[in-house]
Amino acid sequence: TRISNQSLTSVTALPAAITTGKVLQAVTATHSTAVTVTGTTFTSSGLAASITPASTSNKILILTTSAIQTFGDGSSSSGRTGKITLRRGGATDTELTTMEIGINARTADTSTLPRPFNIVTFTFLDSPSTTSSQTYTVGIRGDGACDITAQGSDRTSSITLLEVAA
């Protein structure tokens, strides 16, 4: 359908060919307690939420915002990078997406500085294909000579889960 010389305020319905998804439920959680990981195994940042899809064909839109700080572990190695991951289940379960953050081009020294903060966001559309409760978790880990903190210095991270009808 074409709008001919009409303003959008005069449109009362969308053409039948346009499909629209409906948000069936929304779940939001926040976490503001600092979590520091000094190893290279993914560990929960404390940010997680659960949702139970109404249908196996529905999708879950996951929106996260995490306050992440990376810093040297005190060893005489270069690089100050860490990893943050979004998982279905716990911090070591099904990986949905992962990214590397921090300072890569750093010369080797024993300093634990700098300690940059990064605001890391994930937007991910998942198809869990189940009507069982699904938990989504943000995990963090150091990488090489890096330790990593989530929610440091009184910062808050958040996760929102939206069930979208297929």
Side-chain angles (χ1 to χ4, degrees), residues 8-9 11-71 73 80-104 114-143 146-166:
L8 287 178
T9 57
V11 176
T12 58
L14 293 173
I18 296 178
T19 59
T20 58
K22 290 183 180 178
V23 174
L24 302 177
Q25 62 175 313
V27 175
T28 299
T30 60
H31 194 71
S32 57
T33 301
V35 174
T36 299
V37 176
T38 59
T40 57
T41 300
F42 278 114
T43 303
S44 175
S45 69
L47 186 60
S50 297
I51 193 167
T52 303
S55 169
T56 58
S57 60
N58 292 348
K59 302 194 182 309
I60 307 299
L61 179 61
I62 306 134
L63 309 165
T64 71
T65 301
S66 297
I68 303 293
Q69 186 178 31
T70 56
F71 50 96
D73 65 2
R80 300 291 186 261
T81 60
K83 292 192 176 170
I84 180 169
T85 187
L86 177 62
R87 304 283 173 126
R88 185 184 325 118
T92 58
D93 291 329
T94 305
E95 177 183 352
L96 301 176
T97 187
T98 298
M99 69 175 61
E100 185 174 70
I101 58 173
I103 301 170
N104 225 354
R115 292 175 173 252
F117 265 101
N118 298 278
I119 301 301
V120 180
T121 61
F122 286 124
T123 301
F124 190 88
L125 187 62
D126 188 31
S127 301
S129 301
T130 185
T131 56
S132 297
S133 178
Q134 298 297 296
T135 299
Y136 294 91
T137 303
V138 174
I140 56 174
R141 73 169 208 185
D143 205 17
C146 179
D147 292 340
I148 188 167
T149 296
Q151 298 89 228
S153 300
D154 297 321
R155 288 178 164 82
T156 299
S157 297
S158 67
I159 183 170
T160 300
L161 307 176
L162 302 172
E163 181 183 5
V164 181

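Computed over heavy atoms, backbone and side chain alike; hydrogens, waters and symmetry mates excluded. Everything numeric in this text was worked out from a predicted model, so none of it was measured.
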Restricting to side-chain contact (heavy atoms from CB on, under 4.5 Å), what partner residues turn up for [X], sequence neighbours left out?
X: T130; value: P128, S132, Q134
X: R141; value: F42, K83, D143
X: T40; value: none
X: S50; value: S133, T135

D93 and T137: CA distance, side-chain angles, deciding distance, side-chain contact (heavy atoms from CB on, under 4.5 Å) verdict:
CA-CA 9 Å; D93 291 329; T137 303; over 6 Å; no

Does L63 form a side-chain contact (heavy atoms from CB on, under 4.5 Å) with T121? I'd like the steps, not just the answer.
CA-CA 7 Å; L63 309 165; T121 61; over 6 Å; no

Straight-line distance of [X] [atom1] to [Y] [atom2], nearest 0.5 Å:
X: N58; Y: K22; atom1: CG; atom2: NZ; answer: 11.5 Å
X: R87; Y: I62; atom1: CZ; atom2: CD1; answer: 13.0 Å
X: L86; Y: T97; atom1: CG; atom2: OG1; answer: 7.0 Å

Which atom of [X] lies closest to which atom of [Y], heavy atoms considered:
X: H31; Y: S45; value: CD2-O, 3.6 Å
X: A91; Y: T43; value: CB-C, 3.6 Å
X: E163; Y: Q25; value: OE1-NE2, 2.7 Å
X: I140; Y: V35; value: CD1-O, 3.8 Å
X: F122; Y: I84; value: CZ-O, 3.6 Å
X: L47; Y: A29; value: CD1-O, 3.9 Å

Going by heavy atoms in the side chains, are I101 and I148 under 4.5 Å from each other?
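The answer is yes, as the side chains (C-beta and beyond) meet within the 4.5 Å cut-off.
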
Non-hydrogen side-chain atoms of F124 and T64 separated by less than 4.5 Å
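No, every pair of side-chain atoms sits at 4.5 Å or beyond.
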
Short side-chain to backbone donor-acceptor contact, S55 and S57, under 3.5 Å
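Looks like yes, one N/O pair under 3.5 Å.
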
Provide the full list of salt bridge (charged side-chain N to carboxylate O under 4.0 Å, His left out) pairs with a residue in residues 123-134, sequence neighbours left out, each pair given once.
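Of all non-adjacent pairs touching residues 123-134, those that pass salt bridge (charged side-chain N to carboxylate O under 4.0 Å, His left out) are R88-D126.
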
Would you tabulate the side-chain donor-acceptor contacts of residues 152-160 under 3.5 Å, counting partners in other chains and residues two or more places apart, or write 'none'?
unit_1, atom_1, unit_2, atom_2, d
S157, OG, A67, N, 3.1
S157, OG, Q151, OE1, 2.8
T160, OG1, T28, OG1, 3.4

